[in-house]
Amino acid sequence: MSVYFAPSDDPTTWPVCRRCPGIALDMGSSRTRAWAPGRGIILDVPTITFEGAAGSHPIQRGTIVDPQGTARMLQRLLGPRIPRHARPLIALTTPVLGGIAYREAARTALEVLRPRTVLTIPTATAVALGAGADMSRPLLIVDIGAHLTDVFLLSDGAVVDAHRTALGTDDLDHATTHRTIADAVTGTVTDMLRKDHTTQTLDAVQSGVLLAGGGALRPHFSGQLAQDLHVPVRLLPAPHTAALRGAAKILQSARGHPSATHFAGHPPPR
């Protein structure tokens, strides 16, 4: 499993975090969702700096284009929910292909919440955890969001291959259809199978594709992908919140059992 820690993370301080606030956070280009222990999902709102016509979109197609605007959004949404003088433990999902730049921009924005520690979890790993998938076998995950469609290959819980199409459900119109996105996914998977000299991609595909993201709620995608790939396509329960649920599991583990979060991992492919 791959979990990445802020440079200042000090595992010796984690037992204190059993008593500090905890927040699992999933910031997408379209929506921002947050979860808190004992309260469940506390946020599921548009990703905008502030409400009203003048609000801007600080995260666009998986990139934080405005860290200061993201900080203002986080302060508006989460600041009032954190007790005064408290320093929360935050488990944050991060795009697999966002690289170091995304994680650094996210941590800069999160400083407004004065976190004790920020744990960053690749979205693909978070989705698999949230789905309760069998992490011991290769997994192929298709995550269809509002502005991006990602295809991930996981092996032993770590992301070993990742591809992105800059299209999502918000792009659907007379020119960009469900078929356009399904064709892009099918082409990506076919290319992955051709280039993989191991059996990991083939094993994952034959076991069935896991479909996540808000786009998975649209019935056209699962049927089209199953037809095109000739394999089962399994729609995850509440696919739009699977990544958040996975981050929540990491958060609970870190707060309750500090030693359980000493995962070894490597940076995801870029």
Side-chain angles (χ1 to χ4, degrees), residues 1-5 26 28 61-63 91-104 106 119-145 148-168 181-182 184-213 215-216 221 225-226 228-236 239 242-247 249-250 253 260-270:
M1 184 179 298
S2 301
V3 179
Y4 312 109
F5 306 107
D26 181 34
R61 298 199 186 272
T63 299
L92 173 72
T93 66
T94 58
V96 171
L97 294 173
I100 294 174
Y102 183 96
R103 296 197 293 275
E104 289 183 345
L119 311 180
T120 58
I121 307 101
T123 299
T125 304
V127 167
L129 284 170
D134 181 0
M135 306 284 271
S136 67
R137 63 177 179 83
L139 299 171
L140 190 74
I141 298 174
V142 176
D143 187 349
I144 304 175
L148 293 171
T149 297
D150 292 320
V151 180
F152 308 116
L153 175 66
L154 278 72
S155 179
D156 293 325
V159 181
V160 295
D161 200 2
H163 300 268
R164 169 172 291 172
T165 298
L167 290 173
I181 296 176
V185 171
T186 301
T188 296
V189 174
T190 301
D191 196 47
M192 291 170 66
L193 286 166
R194 180 175 60 83
K195 293 181 177 180
D196 188 356
H197 299 298
T198 72
T199 64
Q200 289 184 117
T201 304
L202 180 61
D203 291 345
V205 170
Q206 289 181 337
S207 295
V209 175
L210 304 181
L211 191 57
F221 285 119
L225 289 174
D228 293 347
L229 295 171
H230 306 289
V231 296
V233 174
R234 181 159 64 93
L235 177 65
L236 301 182
L244 181 64
R245 296 197 305 274
K249 288 184 177 181
I250 291 292
S253 177
T261 57
H262 286 247
F263 298 126
H266 302 282
R270 299 179 192 168

Q) Any sub-3.5 Å donor-acceptor pair from Ser253's side-chain atoms to Lys249's backbone N or O? A)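 Side chain of Ser253 to backbone of Lys249: no pair is present.
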If you round to the nearest 0.5 Å, how far is [atom2] of [Y] from [atom1] of [X]?
| X | Y | atom1 | atom2 | answer |
| --- | --- | --- | --- | --- |
| Thr94 | Glu104 | OG1 | CD | 12.0 Å |
| Asp143 | Leu210 | CG | CG | 11.0 Å |
| Ile121 | Leu92 | CD1 | CG | 7.0 Å |
| Thr188 | Leu193 | OG1 | CG | 11.0 Å |

Does any part of the side chain of [Y], heavy atoms only, come nearer than 4.5 Å to the side chain of [X], both counted from C-beta?
| X | Y | value |
| --- | --- | --- |
| Leu211 | Ile144 | yes |
| Val96 | Asp150 | no |
| Ile181 | Thr165 | no |
| Met192 | Leu140 | yes |
| Asp196 | Leu202 | no |

Between [X] and [Y], what is the shortest heavy-atom contact and its length?
| X | Y | answer |
| --- | --- | --- |
| Ala243 | Thr123 | CB-CG2, 4.1 Å |
| Tyr102 | Thr63 | CD1-CA, 4.4 Å |
| Leu235 | Pro239 | CD1-CG, 3.8 Å |
| Ala91 | Ala247 | CB-O, 3.6 Å |
| Ser155 | Gln200 | OG-OE1, 2.6 Å |
| Gly246 | Leu129 | CA-CB, 3.9 Å |

Q. Can you tell me if CZ on Arg61 sees more than 12 non-hydrogen neighbours from other groups inside 6.0 Å?
A.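 Yes - once you tally the heavy atoms of other residues, nucleotides and ligands closer than 6.0 Å, there are more than 12.
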(Q) With side chain to side chain contact (heavy atoms under 4.5 Å, CB included) as the test, pick out the partner of Leu153 among Asp203, Leu139, Thr201. (A)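 That would be Thr201.
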Q: Under the side chain to side chain contact (heavy atoms under 4.5 Å, CB included) rule, what do Thr125 and Met135 come out as? Steps first, then yes or no, please.
A: CA-CA 9 Å; Thr125 304; Met135 306 284 271; 4.3 Å; yes
Q | Check against side chain to side chain contact (heavy atoms under 4.5 Å, CB included), Val127 and Leu236 | A | CA-CA 9 Å; Val127 167; Leu236 301 182; 3.7 Å; yes
